[in-house]
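Heads up: the structure comes next, in structure tokens.
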Amino acid sequence: MKIASWNVNSLNVRLPHLEQWLREAQPDVVGIQETKLADEKFPDAVLAGLGYRSVFSGQKTYNGVAILARERALDDVQMGIPGFEDEQKRAIAATVDGVRIVNLYVVNGQDVGTDKYAYKLRWLDAVHDWLAVELAAHPRLVVLGDFNIAPDDRDVHDPAVWNDTHILTSTAERDALRRLQALGLHDAFRLHHDQAGIFSWWDYRQAAFRRDLGLRIDLTLVSDALRGQAVEAGIDREPRTWERPSDHSPAWVRLEG
DNA sequence: ATGGTTGACAATCAA
């Protein structure tokens, strides 16, 4: 089962990109972030025509998450973080073929020390407690999404700039990610690749993609119970080369069996 | 260079 995460930065604009990538990559499950669509505008009929069922939690203009599953049911759908009041639609979970999928659009945080940064850390704290509950109920768990955190210096093009006081790489953010991983969640990409300089996001500004000035902030985490089944993981750069692309590329993991 | 580009939505906000 191939499981992927993609921040599309407006599903309205990127539906043709998603369609092309679904045809080419043939994922079985996809977590989408930044749909930027109210639920009544979600293109579930179009996706059904491509063989994908969908569940979604969206809002106008900002945020919005969805999970797609090819020819499989999406059961026990959870929208939002239980017990955490949040206007922003950033979390959705569902069970597919006995694998629990949690799809996160982690708060960006703007800059270290801002209100949005404090919200990011609060939000990650709530996610930690939620994932502990999810793991207890569903040992076969995949947590994926736009984490808006680069795990370590291999995941940034310039560690001198992207340092312990910079957003997406600050100490508190990386500590929060490590705390999630300490629940028993493993970065699938790092189970198979140790090289530096493989990225999933490139800023639209300064020709960052052409210069390969990126970060790896889109992750697929697999639980202890799935670790041995995560036989392959990667990031698809191609969609970032297409006309009018998202600033993110899809990250994926393949579970054997 | 407190810049730069994209998306949603119509003057800014968010990333």
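Only this structure's heavy atoms are used, side chains among them; waters, hydrogens and symmetry mates stay out. Convention: sequence-line order gives letters A, B, ...; per-chain numbering from 1.
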Between A/D125 and A/R122, is there a salt bridge with N-O shorter than 4.0 Å? no
Separation between the P atoms of B/dT12 and B/dG3, rounded to whole Å: 16 Å
Is the shortest distance from a Lys or Arg side-chain nitrogen in A/D28 or A/R72 to a carboxylate oxygen in the other one below 4.0 Å? yes
On a heavy-atom basis, which atom in A/V112 and which in A/I167 lie closest, and how many Å separate them? CG2-N, 3.9 Å
What is the distance, to the nearest angstrom, from the CG atom on A/N7 to the C1' atom on B/dG7? 12 Å
Rounding to a whole Å, what distance do you find between A/I167:CD1 and B/dT2:C1'? 16 Å
A/R90, nearest nucleotide to its side chain (from B/dG4, B/dG7, B/dA15): B/dA15
If you measure from the P atom in B/dA14 to the same atom in B/dA10, how many Å do you get, rounded? 15 Å
For residues 104-111 of chain A, which side-chain donor-acceptor pairs fall under 3.5 Å, sequence neighbours excluded?
unit_1 : atom_1 : unit_2 : atom_2 : d
A/Y105 : OH     : A/E34  : OE1    : 3.4
A/Y105 : OH     : A/E34  : OE2    : 3.4
A/N108 : OD1    : A/Q110 : N      : 2.9

Under the 4.5 Å side-chain heavy-atom rule for ILVMFWY, direct or indirect, which residues accompany A/Y62? none
Any salt bridge linking A/D247 with A/R205? Criterion: basic side-chain nitrogen under 4.0 Å from a carboxylate oxygen. no
Please determine whether a side-chain nitrogen or oxygen atom of A/R244 lies at a distance below 4.0 Å from atom OP1 or OP2 of B/dG7. yes
Can you check the A/L11 CG to B/dT6 P distance for me, whole Å? 20 Å
Measure from the side chain of A/Q206, starting at C-beta and using heavy atoms only, and say which of B/dG4, B/dA8, B/dA14 lies closest. B/dG4
Residues touching DNA chain B, which here means a heavy atom under 4.0 Å, drawn from residues 103-125 of chain A: A/Y105, A/N108, A/K116
Starting at CZ of A/R205 and ending at P of B/dG3, how long is that distance when rounded to a whole Å? 11 Å
Of all the choices, B/dA8, B/dT5, B/dA15, which nucleotide is nearest to the side chain of A/E34 once you look at every atom? B/dA15
Whole-Å gap separating C1' (B/dT5) and CZ (A/R210): 14 Å
Assuming nearest nucleotide by heavy-atom distance, tell me which of A/V13 and A/D203 is located more 5' along DNA chain B. A/D203
Residue-phosphate contact under 4.0 Å: A/R14 side-chain N/O, B/dG7 OP1/OP2: yes
For the pair made of NZ in A/K60 and C1' in B/dC13, what is the distance, rounded to whole Å? 14 Å
Would A/L37 end up clustered with A/Y52 when hydrophobic side chains under 4.5 Å apart are linked, directly or stepwise? yes
A/L168 CG - B/dA15 P separation (whole Å): 11 Å
Within this structure, what is the CG-to-C1' distance between A/N148 and B/dA14, rounded to whole angstrom? 11 Å
